[in-house]
Structures are given as C-alpha cells and as structure tokens.
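Structure, as structure tokens:
Proteins get letters first, then strands, A, B, ... in listed order; numbering begins at 1 in each. Note that the coordinates shown come from a computational prediction; the quantities given were computed from them, not determined experimentally.
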Amino acid sequence: MDSRYSPQDIEEKWYKTWEDAGAFKPQGTGKPFTIVIPPPNVTGALHMGHALNNTLQDVLTRFKRLQGYRTLWQPGTDHAGIATQSVVEKQLAKEGVKRQDLGREKFVEKVWEWKQEYGGRIVNQLMRLGSSCDWSRLRFTMDEGLSKAVREVFVRLHQDGLIYRGTRLINWCPKLQTALADEEVESKETKGHFWSIKYPLADNPEEFIVVSTTRPETMFGDVAVAVNAEDERYKHLIGKQVKLPGTDRTIPIIADEHADPTKGTGAVKITPAHDFNDYEVGKRHNLKPIIAMNLDATLNHQAGKYAGMPRFEARKAILADLEAAGLLAAVEDRVIQLPTCYRSGDVVEPYLLDQWFVYMKPLAVPALEAVESGRTRFVPARYAKIYRDWLEPFKDWCISRQLWWGHQIPAWYVVSETDGKRRQDTPFVVARSVEEAQAEATSKYGAHAVLVQEEDVLDTWFSSALWPFSTLGWPGKTPELETHYPTDVLVTDRGIIYFWVARMVFSGIKFLEKEPFHTVYIHGTILDEKGQRMSKSKGNGIDPIEMIGKYGADAVRFALMILTTEGQDIKLSPVKFETGRNFANKLWNAVRFVLPHLQDNREPLRMGELHLADRWILARLDETIKTVTESLEPPTLRFSEAAQALYRFTWDDFCSSYLEIRKRVITADDATATLEALAAKKQAVSVFATVLEKLITLLHPFMPFITEEIRQAIGLQDLLITSSWPTAGTPGAGNAEEMATMELLLKIVDITRAIRGDYTIPPAQATDLIISCDNADLRERLKPHADVVSSLEKVGALKLEVNGSKPAFSAAGLFPGGHIYIPLEGILDPVQEKVRLTKELGKAEGFMATQEKKLQNESFVKSAPADVVEGERTKLQSQKERVEKLKVALADLG
RNA sequence: GGGCGUUUAGCUCAGUUGGUUUAGAGCAUCUGCUUUACACGCAGAGGGUCGGGGGUUCAAGUCCCUCAACGCCCA
C-alpha cells in the first residue's frame, strides 16, 4: 500500500464490480425504499448542482440498501424539448441547414441520432460520481413506454374535461417560435421609456387625449383608450371616439379601473391581443382583440406602412413619425420589467393564440391537501409555502409547444368536416393512437372522416410530471409499480418546486390515488466562492469531473456532504475538496498501519482482557452509529451532522487517540514479543478490526470506493455495498464510569501537552509527570490505565500520588480531581509560570463570580428546574476548589 | 410592492426543542516537531460576546418586535 491513497486506481474497478454483481438492483424481500432521480436533460453535462443532488440520493440509497431495504434508485434522462431542439438546430446551423429544410420527420430523426451519440454523457458522469442507480432500468421520457403513459394521461384528462383547447393570451417566444408557460418567462429589469402619445378626438381633431405607453409599436392593435371613471380630467370624454394615428380606425374612450390616474397621463391604450392586463380589460368591455403582429414579431397588415418591420425597428419608426406629426407629447425614462424567455433570452411577446390547457383547480386542490395534511412533507418545511403559493391561484397550465421535438399531442382534427382544411372550428378527437382516433372519428363523423394530427408537442414537464410512475411501467400493472410506488424521498433543488414537484404530486394523486413520495428534500444551491451562481456565461463553474479526477470521487462526495446543512446554499471552491481528500488519506493510512498486523491476529474479543481504551472506542463507536443512523433517517436528513460525526470519530477518536494509545501494543513483533504481549496484541488488533469494519460501513454511503477497497484489503470477501448496516450495542463497549475515567485521562494528557507547549519542549524530549489525586479512590481508578497517558506523550518517570507535594522547579496544572506536576529544572521560568497561573486564576475567578451571582439570584433558585440549580451548585463548588488550588500553586512560586 | 433566507473567530460555516464548562469546527496565522500510518501529517497557541436597537424570561447566539445590509423567489 502506498502512503498516499490514489483513488484513480480503484474507482473504476469497484464500480464495475458492483454493476457486475447486480448490487444496484433491488434485492431481497425487505421493505422497499425508492428514489426517482430528477432526470437530467439529455443534453446536459454534470455540474456541481448535479454532483450535490446525486450524492445526496446515493447516500440515502446506499444507507437504506445497507439497512436491508429493497432499494431502487430509478435513473433516467429527460428529452428537454426546447433545450435539445436548440442544440441540434445549432449543430445543423453549422452545416448551413435549417430544421425547416429537413422537414419535421427528418429533423426529429436527427435529434434521435444526436441523442444516441451524446445522450449517454451525463449517465457516464453520474457513474463516475459513484451513483448506485439501477442502470438496467434506465428510462428516457420519450421511450415508448413513457410515451404511452403520456398519451394515456392526456386522454384521461381530456375525458375528465380537464384538458381544453382555447384561444388565450399566451407567452410567445418569437425566437423559438413557441408558446411558453408562465414559469418559463423571466422578468428582467431594464431601462426603458414611457412615451406619451396624442390620440386626436374623432369629432374634433384639434383636441387630444394623451395616452402613456411603454410599447408604442403595439398601437395598431389598440381597440380602446381607457381612463379611470373617477378621473376628473377625462370624465367628459368617456364614450367619445378617438382616431388611431396612422390608421383610419376610430376607437372608443372607455372607463376602466385599470387606468391609474397617478401613472403617466392617466389614460392608457388598450391592446388586448398583446398585453395581459389589456386582455382582461378587453374581456370586461366586450372588445374584439386585434392582432397587430406576426409570430416572428414583425408587424402585420394592421400596421399599414410599418407592416413587415421587426417590432423594435417599427417602434423607432413609429415614434419618429409621431414626433414629426407633433403627436409625441412626452418621453420619460423608466425602469420596466421586460419578460424574457428562459431558454433563448428573447423578449417574450404576449400573443393571442389557440393553445392546449390543463384546467388546474381540480388537480391542485388534492395536491394542496397532501402537503397540508403532512402526507407529503418538505424539508426544510418552509418550502411548503412556495409550493402552496404557486398552486393556490389555480392558474391553468398551457401545455402545448410549437416545437418538433417532444410528445406530439394525441389529438386529431377531423379535417373532412371542414373542407379538408384545418380551421378554428375543425372538430377533433383525442385518442391513444391513430387507430383509436380513426375509430372514434368514424363512429362520430362516418367512414369518410379524414384525420390530421395536431402538430404541437407537449410541454416537457408534462412527461416529467409522470416520472415517479411512468418509469415503473404505468399504465401497465407491473410488479415494479406495485413494489416501488409510492416512492420515498424526492431530492431536488428549489428551482423546480413548481415546474416539477407540484406537477408530480397532482399527477400521482390523480392517476394512482397516492402521493408519489412522503418527503421532498430541497437542498441548497451551489455558489462560487464569492456567493454568485455558477454559470457558463460567467465562467465561474467548477467541473465536478475535473474535481473527481484531481481529488477522487469519495473526496468530492464527502466534502459536499459535510457542507450540506439544511437548506443552506453552499459557497464552493476547489480547496474545500481537500478536506475530503485529506480525510480519505487519513483513513487509508490508519488501515495501512495496522494491516500487516491484522492477518493472523484477529480473534474474538475477550471482555476481561480489554483495555480501557478498547472499551472507550467501542462505546464511542456506538454513539457514532446512533448519530449517523438518526441523522440520515428521513425526514431528519442532516447530512452534514452525519458526515461530521464520522469525521470526528475517525480522525480524533480512532486515529489521534485510540490508535496512538494502542500503537505499541499493536506493532509488537510476533517473533520476539512475550506471550502476554502477544495476547494483548491480538485483543488490540481485534478491537481495531471490529471498529474499522463498522466504521467503513458507516462511511460507505459517503465514500463508497475507498471503503469497499478497505474491506477487501482487510480480508473480507463479500462486498461492502450489500453488507449490513451496524447497530449500536457493540459487545465490550465501556460503561459510563469507564468513559469518565478515560475522559479524565485524556484531560490530563491535554493539560500536560499544553504545559509542554508553553515551554516549547520538543515532542521527543521526555519530561517526568506526577499525577497527584485528591483522594486514594481516584488514584486507584487511574492507576491501571496510566499507560494511556504515557502512550500519548513522551513521559519519563510517571508517578501517581495522593495529595503529593509539588516538587521544586515544576510546572503545575489542575484537572478535576487533582494536580499534575511536571518537574522542569533548568527550564522552568518562575516569571512565565506566574503569568501562566495568574491568567488561569483570573479566568477561574471570573467564572466563579458568574456562578455565584447566578446562585445568589433568588428567583433563579426558585424558578429554575432543580437539576439545573443543582448543576450550577456543583459547577460552583468545583470552580471554588480550582481557584483555591491555583492560589496555592501561585503561593508556592513565591 | 409581497414572501423567504442570511448576518457567529481573518475566511467558510456548525450551534436540533432557551439552562454542561469560559460559544465550537475546518481553513488561514503563529510556535515546536522527519515521534518507525499519514507533512494530504503530529503537538500546542492566539483569535469572536454571536449585524444594530428594544423586549419576554430566573436564564437568549437560541423566542418576540424593530432597524440595517446582502441574497433568492414572486408580482
């Protein structure tokens, strides 16, 4: 074994071994435990957010697998409609080809080719991380099975009247040429202008009403001017007509509360086809919307001479012309909220179009109740509010997208009913297949019905919403579905609570009558060291695969877990992975050290022969088992706490204390040691092995590779990944009194080391040590274990006394129950010693004073619980003794 | 404008239901160490009164109010 642990050598080997052994598949007949992966986009590359998200899932999966659950971590990828289509379009663009040149069928074929070639990248990256997904069950949202589930859901929702087609104002991305859901629109604060434009009255062109707008280019879609009914300036104009500049149209002045007298001129143009507020106003006043723009965001025929101009060019031209005509009254700088597309970044255009919608209220109500009742709970709990606030307005979900890559909507227009052409009023049928559609159309419209399928595809999230059951074979009644639905924990980030989590909840309830998971764990966001989001454009990302190459997957995982405190964002920099790497190296070296002695020396523990340190470390192990087990158990999920408990135990207790104490005994030379020493060695080695075996099991969810390697190195044949989780109650664990004795001895070591440090005595230089106990009882307790002290520091003569006197030229220290003295003739500086002791005395007196004050407070003694008061009294008493002792020690110095 | 989060040692963060010591850890800093597992190491040390103000309580970093700064989400 090398003194440096090198992860590169073993990670691939173990991953393959696990897969070959089928270790990732659900095993046995235990209770099921299931996690479905948030399917990464098939175009994706692993980023730090993925690394965190998947490490968390893997920790849980491995933990539960070790506990004997029939564990399934269901993997898969998402077809990510817009993202994937864009990637392939960009690739084609390099060859000078547009998707329109290829046509729909060819283009979709190209995307599938792309998926075949590059879609596996992220899966391989997840493997590098150590993810123990059941890859034999890998799914893709556009697989035949999942597509079947999509069609089934669409048909059933339609049958139940929950899907409708309608003309609504939607968010339109001119660049991608598709509708967007509200959540796909990001509003960006931008510097803009507020223009005031004069609209002349129809019956008196010399008189004007001045309207204020941020979007003058939509004026050809204006159908009215609205003023507030209470606005004295305009009351007399209500009901009159104005002439829309640049057109022959006249439009009415109406009264509507939407017009805010305090904003701009108090009069606003109403453009129902291109503004969400105006759309509502239009509905209230029965005004027919006028579409003034094409889908590519150029103006249409309504705009007269501006027809065909792109929207922002048209804006400039219109404003220039208005100004020339003397119709531009004012320009004001203003910060506006610009709606932009979350994918393309283009300015989103509200547009009146026919789209497909899901009627949300009947679905949202039970989904809200699921969280309200606690059947589904968020960790941290505060995210339940985000979920509720999104669902509660019951806004219908626009599910159609004008893309080619995705699930084509299973609706067929019966064009034979409308002269073979698709029109607004063409009837349609919704069905699971074209055959089913044809049958239905035939029964309704006769044998000559001609069908054309809807061209739109479904929103990507429509299929992700079904993920917890579509991946398990629904709508089939599969054994997997039977066993693994509902799943247990969903691990994701806050960004997709409504895109995804809410939609899975209502879909699960609707189609399987059960919530899809009982716990939603929302982890923090990974930020760079300055606290900024990592992004490609900023170039501040840290590549997990690069980090895995440099530090090892275990180090990356462990570092992330120690940083994962509930719901907090994580400021990350590569140095943080050093913690993980150093920790792996520490463990590696502890094993390396004992390994040569392990072979022939393991035997059952004989209680009578166990050393105090043995009993102590076994008890500390038990405590660690408890902490880790409780911390990882949903819904507690305190990953950092578990990781830290393991770090402390391994480094401080197991390595720094236990191993150092037992070092000499363990390394006794088999050939020359006495029989007694050999017996002691066997016991020490066996304790070491016992602790190590359980420790690597506890660590395995966090650091799967190194722990598996160690298990093999110490000669265990079976795989760690499928072994079993330890439980507390290790035979030989020390009792409370033994633990106290050990802690006292460690305390004595601490004090001695501190004194030696003060006098900068090199570690190799021995000093004598006198431990003077206040009573014989304590001395008898400590006496058999004095080697604990002498093994942890270079001690010359060690004396255990009762009320011993302080030797000349010695430094003094206090422990609860006695003094220690270190003779330092020739080294001791009385002045330094005095300073040291005076400082300690000051602290002790300060503390004593606080205690006294507390206990003199009658209301404290009266109101506080008896055990708290009693505790304070004990503390005061021991502090008093401490002060007395320090005074004596100081007096001794003269 | 509404909601949520954060503010504790130079830096990054713990501190679960208010009551274990004089508020902890890692990194950084300083001192001393090639002690036969580990310098990705060992042994020490210094450093904060917990963003400001007010309140509840016998007792508050921990609960309440308020102000401020930073961040996120929504409008």
Side-chain angles (χ1 to χ4, degrees), chain A residues 1-5 182-183 186-187 337 380 382-383 385-386 389-390 393 494-495 497-498 524-525 527 529 531-533 551-552 555 559 562-573 575-597 630-631 636 638 640-641 644 647-648 651-652 655-656 659-660 663-664 666-667 749-750 752-766 792-794 816 840 842-848 850-851 854-855 857-865 867-869 871-872 874-876 878-879 882:
Chain A
M1 273 174 108
D2 193 59
S3 74
R4 289 271 170 94
Y5 164 63
D182 292 343
E183 302 75 45
E186 291 171 350
S187 96
Q337 300 296 329
R382 63 173 182 274
Y383 287 109
K385 186 172 155 52
I386 307 267
D389 289 352
W390 181 74
R494 65 179 109 90
I497 291 175
Y498 25 82
T525 306
L527 306 170
E529 41 198 324
Q532 296 177 310
R533 267 189 124 82
Y551 299 104
I562 214 155
L563 292 169
T564 297
T565 50
E566 190 179 279
Q568 284 319 106
D569 288 351
I570 298 170
K571 282 189 201 165
L572 196 65
S573 68
V575 281
K576 304 244 169 152
F577 297 118
E578 288 179 12
T579 308
R581 179 201 57 187
N582 297 352
F583 181 57
N585 194 239
K586 185 78 184 175
L587 180 67
W588 182 255
N589 276 288
V591 175
R592 194 168 71 94
F593 173 58
V594 180
L595 201 57
H597 307 283
E630 285 168 14
S631 301
T636 302
R638 287 205 275 262
S640 178
E641 197 169 287
Q644 276 189 56
Y647 185 91
R648 292 254 155 72
W651 203 300
D652 300 342
C655 292
S656 294
L659 208 48
E660 291 300 329
K663 203 174 219 175
R664 291 209 189 89
I666 287 174
T667 54
V749 169
D750 276 350
T752 316
R753 281 173 170 176
I755 292 172
R756 287 172 56 108
D758 270 353
Y759 285 98
T760 50
I761 293 165
Q765 186 182 327
L792 288 173
E793 56 201 344
K794 193 85 175 170
E840 266 195 65
K843 280 189 201 168
E845 281 178 334
F847 181 58
M848 191 176 81
T850 351
Q851 296 307 115
K854 217 174 198 178
L855 284 162
N857 183 344
E858 276 177 41
S859 35
F860 169 71
V861 180
K862 210 164 57 189
S863 321
D867 56 325
V868 172
V869 177
E872 294 298 326
T874 315
K875 271 191 268 173
L876 177 61
S878 67
Q879 210 53 223
R882 198 175 151 74

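- For A:Gln337 and B:G1, the CD to P distance is 13 Å, given to the nearest whole Å.
- In this structure, A:Gly580 and A:Ala555 approach most closely via the heavy-atom pair C-CB, 3.5 Å.
- Taking every heavy atom of both residues into account, A:Glu793 and A:Arg756 meet most closely at OE1-CD, 4.3 Å.
- To the nearest 0.5 angstrom, A:Leu792 atom CG is 9.5 Å from A:Asp750 atom CG.
- One interatomic measurement links the two molecules: CD1 of A:Ile497 to C1' of B:G5, which rounds to 13 Å at whole-angstrom precision.
- Between A:Glu529 atom CD and B:C27 atom P there is a gap of 17 Å when expressed in whole angstrom units.
- In terms of heavy-atom proximity, A:Thr636 sits nearest to A:Glu566 at O-OE1, 4.4 Å.
- The same atom, C1', is picked in B:U34 and in B:G41; the two are 11 Å apart, to the nearest Å.
- Expressed to the nearest 0.5 Å, how far CG of A:Asp867 lies from CD of A:Glu872 amounts to 10.5 Å.
- Checking the phosphate oxygens (OP1, OP2) of B:A59, no side-chain nitrogen or oxygen of A:Lys854 falls inside 4.0 Å.
- What you find for A:Ser631 and A:Glu641 is that their closest heavy atoms are OG-OE2, 3.3 Å.
- Rounded to an integer number of Å, the gap from A:Trp390 CH2 to B:G3 C1' is 17 Å.
- Take the nearest nucleotide of RNA chain B for A:Leu527 and for A:Thr850: the residue whose nucleotide is more 5' is A:Thr850.
- One finds no salt bridge joining A:Lys843 and A:Glu840 here, because no Lys/Arg side-chain nitrogen approaches an Asp/Glu carboxylate oxygen to under 4.0 Å.
- Distance A:Glu186 CD to B:A75 P: 11 Å, rounded to the nearest Å.
- Taking the six-membered ring for Trp and thresholds of 30 and 60 degrees, A:Trp588 and A:Tyr5 have ring planes inclined between 30 and 60 degrees apart.
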**Study point:** Per-nucleotide protein contact string for nucleotides 31-43 of chain B (B base, S sugar-phosphate only, - none; heavy atom under 4.0 Å)
**Key:** SSS-B-BB-BSSS
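- Across all their heavy atoms, A:Thr525 and A:Asp569 have their closest contact at N-OD1, 2.8 Å.
- OP1 and OP2 of B:A14 both lie 4.0 Å or more from every side-chain N or O belonging to A:Ser640.
- In this structure, A:Gln851 reaches the sugar-phosphate backbone alone: every heavy-atom distance under 4.0 Å involves primed, P, OP1 or OP2 atoms, never a base.
- Of the candidate nucleotides B:A75, B:C72, B:C4, B:C4 has the atom nearest to the side chain of A:Lys385.
- At whole-Å resolution of the value, CD1 in A:Ile570 and C1' in B:G71 are 16 Å apart.
- Between A:Asp652 and A:Lys576, the residue whose closest nucleotide on RNA chain B is further toward the 5' end is A:Lys576.
- Remark: P of B:C13 and CG of A:Leu572 are 11 Å apart, rounded to the nearest angstrom.
- Stem regions for RNA chain B, each three or more consecutive Watson-Crick or G-U pairs with both distances under 3.5 Å and listed by first number, read B:1-7 with B:68-74, B:10-13 with B:24-27, B:29-33 with B:41-45, B:51-55 with B:63-67.
- Using P as the reference atom, B:A45 and B:C64 are 38 Å apart when rounded to the nearest Å.
- As rounded to the nearest Å, B:U56 and B:C13 have C1' atoms that lie 30 Å from one another.
- Between the C1' atom of B:G44 and the NZ atom of A:Lys794 lies a distance of 19 Å, rounded to the nearest Å.
- Looking at heavy-atom distances under 4.0 Å, A:Arg756 makes no contact with the nucleic acid at all.
- Nucleotides B:C50 and B:A9 are separated by 10 Å at their P atoms, to the nearest Å.
- A:Tyr498 has a side-chain polar atom (N or O) that falls below the 4.0 Å cut-off from OP1 or OP2 of B:C74.
- At B:U12, one or more side-chain N or O atoms of A:Lys571 fall inside 4.0 Å of OP1 or OP2 (strictly under the cut-off).
- For the pair A:Lys586 and A:Tyr647, the cation-pi criterion (under 6.0 Å, within 45° of the ring axis) is not fulfilled.
- B:G53 and B:A68 are spaced 11 Å apart, taking the C1' atom of each and rounding to whole Å.
- Between B:G46 and B:U7, the distance separating the two P atoms is 27 Å to the nearest Å.
- When the P atom is used for both B:C65 and B:C4, the distance is 11 Å, rounded to whole Å.
- When the C1' atom is compared between B:U21 and B:G15, the two are found 16 Å apart, to the nearest whole Å.
- Across A:Arg592 and A:Ser3, no two heavy atoms sit closer than the pair NH2-CB, 3.3 Å.
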